[in-house]
Structure formats: C-alpha cells, structure tokens
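It should be emphasised that the depicted structure is a prediction, and the values quoted were computed from it without experimental measurement. In what follows, chains carry the letters A, B, and so on, assigned in the order in which the sequence lines appear, proteins first and then strands, with residues in each chain numbered from 1.
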Amino acid sequence: MPAFSFNLSDFVFVWWGLLFEALPFVVVGAVLSGVLECCVSSEMVARLFPKNRIVGILISACVGLIFPMCECGIVPVVRRLVRKGVPVSCAVAYLLASPVINPLVILSTWVAFAGKGALWATSLRVGFAYIVAVAVSLAVWRFLGEKNVLLARPAANHDHHDHASGGNRAISVFVHAAQDFLVIGATLVVGAGLAAVINSGFSRAAMEPFAASPVMAVAGMSLMAIALNLCSEADAFVAASFVAFPLSAKLAFLVLGPMVDLKLMAMYATVFRVKAIVVIMGLVTILVFALCVTGYLWIPAFPT
Amino acid sequence: MVAPYYVWMTPAAAAVLLAMAAACLGNPRGGSAEACHCHDSAPSKVGQVLCAVILLVPIGFGLVVNPRAFTMDGIRKREVTTGSKNSQLSAAMAWVLGETSRKSDPGGGDIELPPNPTVLDVIEAADAAGPAGLKGRFVTLVGQCDLLAGPQSERFDLFRLVVTCCVADASSVSLEVRRPPSKQLASGSWVRVEGVLKYDGEFNSSLPILHATKILPIPQPSDPYL
C-alpha cells in the first residue's frame with residue numbers, strides 16, 4: 001500500500017468528522033469570548049493579573065486545570081483576553097498549555113495508557129507541555145517582543161459596562177460571539193480541509209520504518225501529530241496503539257499535536273502575525289524534539 | 001462521524017448559532033446607539049461574505065459526495081498494530097535492553113472476556129494473557145469483512161473501527177478469520193462470526209485466528225464504531 005493516496009469520499013468523510021467534532025467547541029469559545037468582551041473589564045484583568053511577568057507566565061500555563069479548553073475553542077477566548085489587556089506572553093502560555101494541561105486530557109491519557117505506563121505517560125505529557133509552553137512564552141516576551149506578535153493592536157480601554165445592561169448585554173454577547181465565530185469558523189474549515197487531505201490519505205503502516213532510530217521515531221511521530229490534527233482528548237488512544245514506538249517518541253505526538261497542527265496554524269492566523277506563528281510553532285517543534293530525543297536516555301521505552 | 005457522546009453537541013451548537021444569528025439580525029450594533037469601537041475588529045462586509053461562503057463549502061461537498069463510511073482502502077490505511085507484536089521477539093528485546101519492568105512473558109491462564117466480546121476485546125485479551133488465555137475459546141464476534149484475497153477466499157480479516165472523538169482518529173483493528181469454502185461475501189459487509197480461537201498463524205504468534213463454524217450476514221449495527 002502506498003504511504004499516501006487521495007480519495008474524495010474519504011476526504012469529505014474525515015473533513016465532516018473534524019468539523020462536526022470541532023465546531024461545537026468553537027461555538028463555546030466564541031460565546032466565552034463574547035462574555036469576556038461584555039462582562040469583564042480591562043481594569044478587572046489588570047487587578048487580577050500578577051504584575052511580575054514570569055509569575056504570570058508560570059500561572060497562565062496552569063490555568064487550563066481550572067478553565068479547560070480544547071485547542072479549537074481556546075483561540076477566540078485568547079483573542080479576547082489579549083484585547084482585555086492580558087499580556088500576550090501569558091496568553092500564549094495559556095494557549096499552548098491548556099489543551100494538554102486540563103483534567104479531561106489528563107484523564108484520557110491515563111486511560112489510554114492503562115497497563116502501558118500510565119503514570120509515566122501522563123506525568124511526562126503534562127511536564128513536557130508545561131516546560132514547552134513556559135519556554136516559548138518567555139521567548140515571546142523577551143526576544144520576539146509582545147508588540148510584534150499580534151495581528152491587530154487591541155482597542156484601548158473599551159468596556160461594554162457603559163452602554164449595555166441586562167438583555168442588551170446578552171445580545172451584545174451573542175453579536176460579538178457571532179463575529180468571532182464567523183472568522184474563526186472559516187479558518188477552521190480551511191485548516192480542517194487541509195488536515196483531512198492528509199488524515200484520510202496517509203497510511204498508518206507507513207510509520208513502521210520510523211521506529212528504527214530515536215531521531216527518526218521522534219521526527220516521524222512529530223510529523224504525524226502535525227498532519228493528523230487529532231483533538232487532545234483522542235490522540236492518546238492513537239499514540240498508545242503504535243506499539244513499535246517507545247514512550248519517548250509517543251510523547252512527541254502527545255505534546256506537539258495539541259500545540260502545532262494544520263488546523264491550528266490556520267486558526268492562529270486570526271490572532272498572530274504570520275512571522276510570529278512561524279516562530280512560535282518552530283520553537284515548540286524544536287523544544288519538543290529536543291526533549292523527546294534526549295528522553296531516550298532516561299525514559300523507559302515500554303513501561304508498564 | 002463522531003462518537004455517540006458527541007452527537008448531542010451538534011444540535012446544541014446549531015441552536016446557539018441560531019441565537020447568534022438572531023442577535024445579529026435584531027441588533028447589528030450590539031444594542032447600543034453609540035459608536036462601538038470594539039466592532040472595529042470585526043471583518044468588513046466583504047470579509048463577512050467570504051467567511052460565510054467558506055463555511056458553506058463543506059456543506060456543498062457533503063451534498064455532492066455524500067460519504068457514509070470509509071472506503072475499504074481508507075480503512076486499510078488506518079489499520080494499527082495493537083496487540084499484533086511478536087511476543088517472543090519483544091521478550092528477547094526486553095532481555096537485551098535489561099528492561100525488568102516489562103513483562104517478558106505475557107503469562108498464561110484463563111482470561112475473562114465480556115459477555116458479548118468485540119474484536120478489540122479479543123485483541124486486548126490476547127495482549128494481556130497470551131496464547132494460553134484464549135486458545136480453544138468459542139466466541140461470537142461482529143464486524144466487517146475485508147476480503148483482500150477475493151470474495152470466496154477461505155481467509156478474510158474481520159475488522160472494527162475504534163473511534164474516540166470522531167472519524168479522524170478512527171483506527172482499524174482486525175482478526176484473521178478462516179472458513180470452509182462457502183457463499184460469497186462482499187468486502188465491507190457486516191457479519192456475525194461464530195468460531196473457535198486458535199493460534200496457528202504463520203506470521204504472527206501473538207494474535208489468535210478465528211476458525212469460523214458459522215458466518216451470518218447482518219445489517220449494519222446502530223453504533224458501528226467501538
């Protein structure tokens with residue numbers, strides 16, 4: 001069987017599956033972003049947020065434990081958080097970490113790896129994701145420059161408290177949600193389409209030769225994570241099924257997938273400049289690769 | 001296209017989208033007579049039309065192509081090797097690498113299968129218990145046929161698709177079935193197979209082969225995914 005072959009029916013089947021699964025979460029994210037816009041003031045954000053940027057980044061990477069969001073629904077939320085004055089680096093930390101460091105994904109990872117080193121897989125997935133999210137956020141803050149990252153400058157000090165209340169506020173929430181959904185939904189359709197081309201055409205058996213060496217295994221699993229575009233609740237079960245690959249290589253799939261894939265690249269374009277997307281995703285990929293290849297030295301290959 | 005526990009989410013999301021549309025039609029400026037600068041980040045009219053057209057494209061594809069399931073080639077691409085590793089080779093590798101935490105011998109003894117086991121249950125049981133646990137067991141399995149060797153072949157794969165969230169993460173798990181020459185089966189058709197599990201495969205020592213005593217074509221189950 002060839003490694004890749006395109007079939008229109010399979011492509012549309014996977015495309016619809018991705019959209020059916022992701023659109024409800026994008027709708028939830030859009031509504032939450034509308035609530036943020038209409039009910040949360042910039043002053044409230046400034047009061048709640050730590051003044052120390054490093055502390056802010058370290059905390060933001062853990063916020064997914066309290067406010068879990070999947071990688072599709074989080075994009076409209078992060079758009080609004082940034083407009084409300086949340087520092088961009090902290091928003092990036094939340095964006096990258098929340099799809100992995102949340103109770104649902106931790107539980108699904110544990111279940112997927114039950115009997116195959118669940119404690120190792122779950123703790124390392126969370127740990128690596130935290131390290132990568134914090135490191136990339138620090139790089140955005142220190143080297144990239146927070147002003148150079150965003151697509152559009154956030155409007156200054158605009159709150160809806162002044163002119164919307166009660167029923168009007170509810171309508172405002174839905175109007176803002178609709179605006180966000182229109183843009184992000186369209187980018188999701190494009191990203192999911194690209195993802196469906198690869199997901200439906202790629203043969204899983206083509207991965208077997210990649211298990212031969214650490215570098216090839218990690219690289220192969222990383223490419224598969226970017227290409228398959230699975231949601232973070234499901235990817236642990238797919239990763240666990242690749243029995244020929246040691247845990248270190250599977251961690252590349254588990255950590256990189258929720259942070260970098262074709263669908264997300266399209267959706268990030270509604271928040272960040274292209275150059276920033278390239279740098280952020282490039283840094284994530286390099287860090288995950290380095291952590292997982294060096295992991296061959298100390299992580300058990302097939303723990304039980 | 002999605003796991004059963006996701007099915008309710010689509011109509012719920014559709015209801016919320018209708019509420020958004022109603023809010024936009026009723027009050028396009030968010031209920032305020034004042035100029036609202038937060039709407040400056042909203043797309044232009046042209047942008048809104050373009051986004052709406054993009055959202056309609058997959059609907060158009062779906063109406064034209066109308067896929068109901070994966071093609072057989074699509075399913076074969078998603079086949080995974082869960083449980084289909086060589087247990088003797090794995091034990092040897094573990095000895096060479098000095099891995100004491102990994103079970104070198106999957107062990108023996110009976111393993112309990114659920115009352116109506118699936119293909120996945122049998123594969124997982126084989127992985128856990130090894131040949132001694134399943135050899136000689138009589139089971140009834142439901143699945144789809146993959147007749148690579150032809151519709152009257154004595155061998156075919158009985159497979160099921162395992163879906164966690166949606167068909168994008170679907171993986172195909174299968175067991176080999178051997179049968180006496182009988183009527184034709186079609187690839188992709190659903191069957192109920194009754195038979196005995198034996199470990200007499202040439203290539204793979206860790207997965208049993210189902211020697212069928214009875215094969216009955218059945219309609220597609222209401223929930224085709226595991």
Can you check whether A:A178's main-chain N or O pairs, donor with acceptor, with A:D180's side chain at less than 3.5 Å? no
Counting only N and O atoms by type, is there a donor-acceptor contact under 3.5 Å from the side chain of B:W190 to the main-chain atoms of B:V142?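 Not confirmed, B:W190 side chain does not pair with B:V142 backbone.
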Within the structure provided, determine whether A:P99 and A:M69 are in side-chain contact (heavy-atom separation under 4.5 Å).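 A side-chain contact under 4.5 Å is absent here.
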Residue part contacting chain A, namely of [X], when any heavy atom lies under 4.5 Å:
| X | value |
| --- | --- |
| B:N66 | neither |
| B:V16 | both |
| B:A21 | neither |
| B:R76 | both |

A:F11 vs A:F6 aromatic rings, parallel, tilted or perpendicular, using cut-offs 30° and 60°?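 Rings of A:F11 and A:F6: tilted, as their planes differ by 30° to 60°.
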Is the ring pair A:W120/A:W298 parallel, tilted or perpendicular, if the boundaries are 30 and 60 degrees? tilted
side-chain hydrogen bond (donor to acceptor under 3.5 Å, both in side chains) for B:E79 and B:S174? Distances and angles first, verdict last. CA-CA 8 Å; B:E79 194 164 346; B:S174 63; 3.2 Å; yes
Do A:S232 and A:E71 meet the criterion of a side-chain donor-acceptor pair at a distance under 3.5 Å? yes
A:S200-B:K77 side chain donor-acceptor pair, cut-off 3.5 Å: no
Heavy-atom pair count under 4.5 Å with chain A, highest-scoring of [options]:
| options | result |
| --- | --- |
| B:S171, B:P67, B:A13 | B:P67 |
| B:C166, B:A69, B:A12, B:P58 | B:P58 |
| B:V167, B:V65, B:T71, B:T10 | B:T71 |
| B:I59, B:V53, B:L17 | B:L17 |
| B:A52, B:G74, B:G62, B:A14 | B:G62 |

Need one label for [X]: side chain, backbone, both or neither, based on atoms under 4.5 Å from any heavy atom in chain B.
| X | answer |
| --- | --- |
| A:F20 | both |
| A:T187 | neither |
| A:W16 | both |
| A:L19 | side chain |
| A:F4 | neither |

Heavy-atom neighbours of B:D200 CG exceed 12 at 6.0 Å: yes
For the interface with chain B, which of [options] has the highest count of heavy-atom pairs at distances below 4.5 Å?
| options | value |
| --- | --- |
| A:G193, A:G201, A:G185 | A:G201 |
| A:V12, A:L23, A:L8 | A:V12 |
| A:D10, A:V173, A:V189, A:L228 | A:D10 |
| A:S5, A:A206, A:P2, A:A205 | A:S5 |

B:A170 to B:F70 - nearest heavy-atom pair and separation: CB-CE1, 4.1 Å
Please determine which of B:I209, B:I123, B:D157 meets the side-chain contact (heavy atoms from CB on, under 4.5 Å) test together with B:L175. B:I123
